[in-house]
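Inspection log for the structure reproduced underneath, given as structure tokens.
Proteins come first, then strands; the chains are lettered A, B, ... in the order of their sequence lines, and each starts at number 1. What you see is a predicted model; the values in this text were computed from it and never measured. All values below come from the heavy atoms of this structure, side chains included, with hydrogens, waters and symmetry mates left out.
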Number of protein chains: 2
Amino acid sequence: MTESGENTSWMEYHRSVMDLGPLSIFIRKLLNRSPLSSNDQLALSRLPHDIIHLAPDTNLLCEGDRVTVCPILLEGFVCRYKVAADGGRQIVALKIPGEALDLQSAYVHTADHDMYPITPAVVARVPLTELEKLAAERPSIARALIVDVLVEGAISREWLLNIGRRNAEVRFAHLLCETFYRISEVAGLPVTDFDVPLTQQQLADVLGLTPVHVNRMVRRLSEKHAIRRMGRRLRVSNMTRLLEIAHYSDLYLHRTGHEPSSMLDEQ
Amino acid sequence: MTESGENTSWMEYHRSVMDLGPLSIFIRKLLNRSPLSSNDQLALSRLPHDIIHLAPDTNLLCEGDRVTVCPILLEGFVCRYKVAADGGRQIVALKIPGEALDLQSAYVHTADHDMYPITPAVVARVPLTELEKLAAERPSIARALIVDVLVEGAISREWLLNIGRRNAEVRFAHLLCETFYRISEVAGLPVTDFDVPLTQQQLADVLGLTPVHVNRMVRRLSEKHAIRRMGRRLRVSNMTRLLEIAHYSDLYLHRTGHEPSSMLDEQ
DNA sequence: CGGCAACTTGACGTTGATCAAGCCATGTGG
DNA sequence: CCACATGGCTTGATCAACGTCAAGTTGCCG
């Protein structure tokens with residue numbers, strides 16, 4: 001979960017595996033859950049797109065918006081959030097590099113939530129029409145996109161359990177475990193350390209807590225040597241400890257590991 | 001939200017509109033969000049299936065199960081739930097008549113949660129292969145199924161906001177409002193009164209509260225004349241009051257109202 | 001170096017959890 | 001038709017987790 005600007009080792013690693021241009025990380029992400037022939041991968045890499053850079057906290061999508069373009073996150077972290085009538089904010093999803101940010105817009109044309117980058121972000125924008133054409137021509141691509149949506153749903157369900165039934169400490173640890181697994185997945189190798197790019201305010205909005213209480217949990221997890229505070233930033237350095245605190249199981253992430261190497265034959 | 005056995009007026013109303021056999025209510029549900037030609041509707045109604053009756057609290061699906069059949073709920077109420085390591089239960093979705101219970105299984109073959117009927121339930125089971133064949137042949141049906149999945153995702157997100165950021169009273173009121181809208185939708189007309197088929201224990205599992213505290217909220221909402229206690233059962237009788245307590249907006253349900261009458265032309 | 005935003009800490013309040021006891025509907029068997 | 005058993009509801013007393021408020025402190029960027 002390193003700041004997007006920093007181009008850290010695991011990012012570099014990924015790019016070197018198989019270069020399919022800027023969308024390469026997106027294709028790799030899909031490959032983790034769905035088989036795609038090399039022609040499928042090539043077709044995806046040739047999707048027309050432009051690339052934009054976004055500053056943190058600039059709105060990417062607003063409730064009620066109608067959308068004609070599918071944004072794909074290449075670098076940085078983005079969140080979906082909703083606000084209650086009394087102004088309370090809840091972050092309902094965290095998106096990491098390689099993930100499509102708004103596949104639903106292809107089917108449901110008005111957004112029911114807002115979205116903004118948490119770190120500086122780089123986003124590729126693919127016209128929905130092109131994406132739909134490709135999905136219509138290539139069923140395995142359509143399938144891969146749907147699986148992506150379904151896994152996001154599975155994550156929401158786990159978050160419901162997390163917020164509804166786990167106490168602050170375990171809840172926090174669980175979020176860090178999930179983020180670790182998701183990042184390791186796009187990286188293609190287990191990440192050893194990573195820095196959490198969220199402010200304590202944002203962590204509070206994810207976890208359904210107040211910033212003050214998040215701060216207390218940060219201290220608690222530090223004292224248990226599960227995380228470390230590097231200046232103003234949190235570093236996850238002891239996954240074993242975190243996993244046992246959270247009683248974490250990653251079943252719900254539905255990782256299947258379709259390695260690119262094993263997928264080089266045509267459909 | 002009347003007990004499934006009772007065959008109440010709004011159920012009857014629905015069946016009389018356009019009789020496409022047992023799956024009729026499912027087709028109507030899809031029509032609420034997606035246009036389907038009468039040929040599409042006919043094709044759906046001819047899906048091979050068997051019909052089973054389920055007693056409450058019998059497991060329908062277990063975490064880790066692999067599935068070959070898509071269950072469609074015809075009568076009664078079913079919930080998805082997850083359990084934490086310490087035994088805490090969280091209901092992560094409520095399914096009402098007309099909804100497909102496990103479309104994800106067509107794409108992600110192991111379940112990440114459990115499912116059981118809350119009331120006696122009637123379920124049609126369609127072989128996944130048949131459903132996939134139909135979706136492949138008829139894009140508008142594929143689309144309708146995906147929209148269904150996406151709306152369930154939107155509901156999860158709203159629940160995250162509900163549990164994460166609203167206090168017990170508002171949270172409870174919000175759940176009742178949502179249920180009202182969803183039931184009215186399949187019914188095809190606004191339902192005036194309905195009875196909540198959940199025990200206070202189950203309400204607690206939905207809301208991330210304890211049964212004791214749910215009970216206190218039941219009393220509070222009764223005192224505000226938003227709901228009534230009929231013996232052991234809750235009756236929602238004053239939607240206006242509930243809507244203002246919850247500050248409810250149904251935007252996230254993505255209702256578009258493709259009336260069956262306006263969809264009689266072929267694609 | 002100055003200013004700002006984020007973090008930190010302590011004191012105190014409140015919501016909702018826990019525990020425990022009693023009550024009331026509903027269904028069953030005599 | 002009544003007795004009684006059972007599961008769910010109700011209630012009060014007490015307690016802990018988390019929220020609120022307010023006043024610092026610290027890292028960070030220009």
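- Across B:Met217 and B:Phe172, no two heavy atoms sit closer than the pair CB-CD2, 3.8 Å.
- With hydrogens and angles ignored, the 3.5 Å screen pairs no side-chain donor or acceptor of A:Arg232 with any backbone N or O of A:Thr199.
- Of the residues in residues 79-89 of chain A, none has a non-hydrogen atom less than 4.0 angstrom from any atom of DNA chain D.
- Of all nucleotides in DNA chain C, those with any atom nearer than 4.0 Å to a heavy atom of chain A start and finish, going 5' to 3', at C:dA5 to C:dA11.
- Using a 4.0 Å cut-off on heavy atoms, the residues of residues 211-223 of chain B that approach DNA chain D are B:Val212, B:Asn215, B:Arg216, B:Arg219, listed by number.
- Closest approach of A:Leu160 and B:Val92 over heavy atoms only: CD1-O, 3.7 Å.
- Contact check, B:Gln200 against D:dT10: a side-chain N or O comes under 4.0 Å of OP1 or OP2.
- One interatomic measurement links the two molecules: CG of B:Leu209 to C1' of D:dC18, which rounds to 14 Å at whole-angstrom precision.
- Contacts of A:Ser249 classified as side-chain contact (heavy atoms from CB on, under 4.5 Å), with partners at least two apart in sequence or in another chain: A:Leu251.
- Secondary structure note: stems in DNA chain C built from 3 or more consecutive Watson-Crick or G-U wobble pairs under 3.5 Å occupy C:1-30 with D:1-30.
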- Query: After noting the C-alpha distance and the side-chain angles of A:Phe180 and A:Tyr248, does the key distance pass the ring-ring contact (aromatic ring centres under 6.0 Å, His included) rule?
  - Reply: CA-CA 11 Å; A:Phe180 168 80; A:Tyr248 188 79; 9.0 Å; no
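- The closest side-chain donor-acceptor pair between A:Arg171 and A:His174, if any, does not fall under 3.5 angstrom.
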- Message: For a quick check, with a 4.0 angstrom heavy-atom cut-off, what is the B/S/- contact string for nucleotides 23-30 of chain D, read 5' to 3'?
- Response: ---BB---
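- If you take CG of B:Leu203 and C1' of D:dT10, they are 15 Å apart, rounded to a whole angstrom.
- Among the protein residues, B:Thr199 comes within range of the sugar-phosphate backbone only, with heavy atoms under 4.0 Å from sugar or phosphate atoms but none that close to a base.
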